[in-house]
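By convention here, the first residue in the shown sequence is residue 1.
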Amino acid sequence: VTTAIKKAEEELAAGKTLYCLGDIVHNGMEVERLHSKGLVTINHEDLKQLHDVKVLLRAHGEPPETYALARRNNIEIIDATCPVVLALQRRIKRQYENSSPEQQEQHREASEALSAMLAPARPKQGTQIVIFGKNGHAEVLGLVGQTNSHAIVIEKFDDVKRLDFERDIYLYSQTTKSLDEFHRIIDYIQRHIAPTATFRSFDTICRQVANRMPNIANFASKHDLILFVSGRKSSNGKVLYNECQGDRLGVVGRCQHHRHLRSHEYSQVAHGRVPGLYSPSCGGLMPTGMAERLLTFDGKIDPRIIRTF
């Protein structure tokens, strides 16, 4: 995310028109700041109409067809795809391309069967490429695109029960998903996979998020009120915010009072001198300068702030 913002600022500082495919970051205040400098946010339909321009690809990554469209329309791509996401895309693409044409067709049939929640009507041989992630999320769309949209997406633990355990399974994950739930899925597949089938899992969850989870859970248990600051669209923010909630997984001792705030909402609450002990926790998509501004009141760091993540 930092790289994407830096690249955008460099282009805009040179007085050039720059388009960004989707919000550059899930933080409304930062998006507005860059818009004021001239950044234009577009969607995929807008992209089809553009020619001979520069377009920035954000950290989530894009499927191959986006790059193909850019070449056809003579669009210069400024690629800010996260290196972790890029490596994951390449790994999935290699796995898919190493499948035979027959197996690739079975990928497609398996994906369609699962999406329709139907019993799979297909031969039992072949490989299933499975992605643990949120359907429709930009990163997941980029990953599925590496398989010509034949990969199977499972959003939650219960979805794994619909896989065909008579066939090989190669499991990957969106980089911001829950590590605990990913391990539950792995355990379930290992217990149900047929002796004649192969199962391999690849832990592709970003540790910048996963490593914060035990810390933020412990932190939340020690304070009366947590104000969690992140964009509402942020997958990072949602995963970490869930760790603050007292009823998650039945864990006792978590903070019982918590609010998920966007940046401007935190400023209004914290600087309104709300009584009590509270701490802001950032979802990982907040630029450093913005975090510092949020923690400052009357030119000083608010003394009631205990810690940030």
Original post:
Given the rule in the side-chain contact (heavy atoms from CB on, under 4.5 Å) test, do Y170 and T127 qualify, once you have shown the distances and angles that lead to the verdict?
Top reply: CA-CA 7 Å; Y170 286 75; T127 300; 3.1 Å; yes

With sequence neighbours left out, the residues meeting side-chain hydrogen bond (donor to acceptor under 3.5 Å, both in side chains) with E155 are none

Check: Side-chain contact, heavy-atom cut-off 4.5 Å: Y96 with N98?
Finding: no

Residue set satisfying side-chain hydrogen bond (donor to acceptor under 3.5 Å, both in side chains) with N135, at least two apart, ordered chain then number -> none

So OG1 of T147 and CD1 of I129: to nearest 0.5 Å the spacing works out to 6.0 Å

### Task
Test L88 against V84 for side-chain contact (heavy atoms from CB on, under 4.5 Å), laying out the working first.
CA-CA 6 Å; L88 176 55; V84 176; 5.8 Å; no

Apart from L141 itself, its cluster of hydrophobic side chains linked below 4.5 Å comprises none

Residues at least two apart in sequence or cross-chain that pass side-chain hydrogen bond (donor to acceptor under 3.5 Å, both in side chains) with E11, listed by chain then number, are K54

Item to check | Short N-O contact, D159 and K156, less than 4.0 angstrom | outcome: yes

When every non-hydrogen atom of G145 is compared with those of P64, the smallest separation belongs to O-CD, 3.5 Å

Below 3.5 Å, can you tabulate the donor-acceptor pairs from side chains in residues 197-205 to any protein atom, sequence neighbours excluded?
{"unit_1": "D203", "atom_1": "OD1", "unit_2": "I205", "atom_2": "N", "d": "3.3"}
{"unit_1": "D203", "atom_1": "OD1", "unit_2": "R207", "atom_2": "NH1", "d": "3.3"}
{"unit_1": "D203", "atom_1": "OD2", "unit_2": "R207", "atom_2": "NH2", "d": "2.4"}
{"unit_1": "T204", "atom_1": "OG1", "unit_2": "S173", "atom_2": "N", "d": "3.0"}
{"unit_1": "T204", "atom_1": "OG1", "unit_2": "S173", "atom_2": "O", "d": "2.7"}

Are the side chain of D23 and the backbone N or O of V25 linked by a donor-acceptor pair below 3.5 Å?
no

So CG of N148 and CD of E97: to nearest 0.5 Å the spacing works out to 8.5 Å

Problem set entry | Stepwise side-chain contact (heavy atoms from CB on, under 4.5 Å) check, I152 with I131 | CA-CA 6 Å; I152 298 169; I131 298 170; over 6 Å; no

Subject >> Side-chain donor-acceptor pair present, T196, E166, cut-off under 3.5 Å >> reply: no

Sorted by chain and residue number, the side chain to side chain contact (heavy atoms under 4.5 Å, CB included) partners of E32 (sequence neighbours excluded) come out as none

Residues passing the side chain to side chain contact (heavy atoms under 4.5 Å, CB included) test with N74, sequence neighbours excluded, are D52

Hits for ring pair (Phe, Tyr, Trp, His ring centres under 6.0 Å) against H192, two or more places apart or cross-chain, chain-then-number order -> F165, Y188

- Task: List the steps, then state whether side-chain contact (heavy atoms from CB on, under 4.5 Å) holds for H35 with T41.
- Result: CA-CA 8 Å; H35 281 177; T41 300; 2.7 Å; yes

K177 charged N/C atom sitting above F182 aromatic ring, 6.0 Å / 45°: no

Donor-acceptor check, side chain of E181 to backbone of F157, threshold 3.5 angstrom: yes or no? yes

Query raised in the report: Is there a path from I24 to I77 through hydrophobic residues (I, L, V, M, F, W, Y) whose side chains come within less than 4.5 Å of each other?
Result: no

side-chain hydrogen bond (donor to acceptor under 3.5 Å, both in side chains) pairs touching residues 75-89, sequence neighbours excluded, are Y67-D79, D79-T81

Distance col, row L18:CG vs E9:CD, nearest 0.5 angstrom, shows 11.5 Å

Practice item. Flag yes if L56 and V53 sit in one hydrophobic cluster, no otherwise; membership is Ile, Leu, Val, Met, Phe, Trp, Tyr, and two members link when side-chain heavy atoms are under 4.5 Å apart. Key: no

When rounded to the nearest 0.5 Å, the distance separating NZ of K48 from OG1 of T66 is 10.0 Å

Are L12 and V31 linked, directly or through other ILVMFWY residues, by side chains that come within less than 4.5 angstrom of each other? yes

One thing to verify: whether R184 and D180 come together as a salt bridge, which I'm taking to mean a side-chain N less than 4.0 angstrom from a carboxylate O. no

**Asked** Same cluster or not: are L21 and L69 linked, directly or through other Ile, Leu, Val, Met, Phe, Trp or Tyr residues, by side-chain heavy atoms under 4.5 angstrom apart?
**Response** yes

For residues 57-75, the salt bridge (Lys or Arg N to Asp or Glu O under 4.0 Å) pairs (sequence neighbours left out) are none

Taken to the nearest 0.5 Å, the spacing of C82 SG from E139 CD works out to 8.0 Å

### Query
Under a single-linkage definition using a 4.5 Å side-chain heavy-atom cutoff for Ile, Leu, Val, Met, Phe, Trp and Tyr, are L57 and L47 assigned to the same hydrophobic cluster?
yes

Say whether, by atom type as modelled, one donor and one acceptor occur between the side chain of D46 and the main chain of N43 under 3.5 angstrom.
yes

Sorted by chain and number, sequence neighbours left out, side-chain hydrogen bond (donor to acceptor under 3.5 Å, both in side chains) with Q146 holds for none

Value for CD1 (I75) from CD1 (I78), rounded to nearest 0.5 Å, stands at 12.0 Å

With sequence neighbours left out, the residues meeting side chain to side chain contact (heavy atoms under 4.5 Å, CB included) with T3 are K7

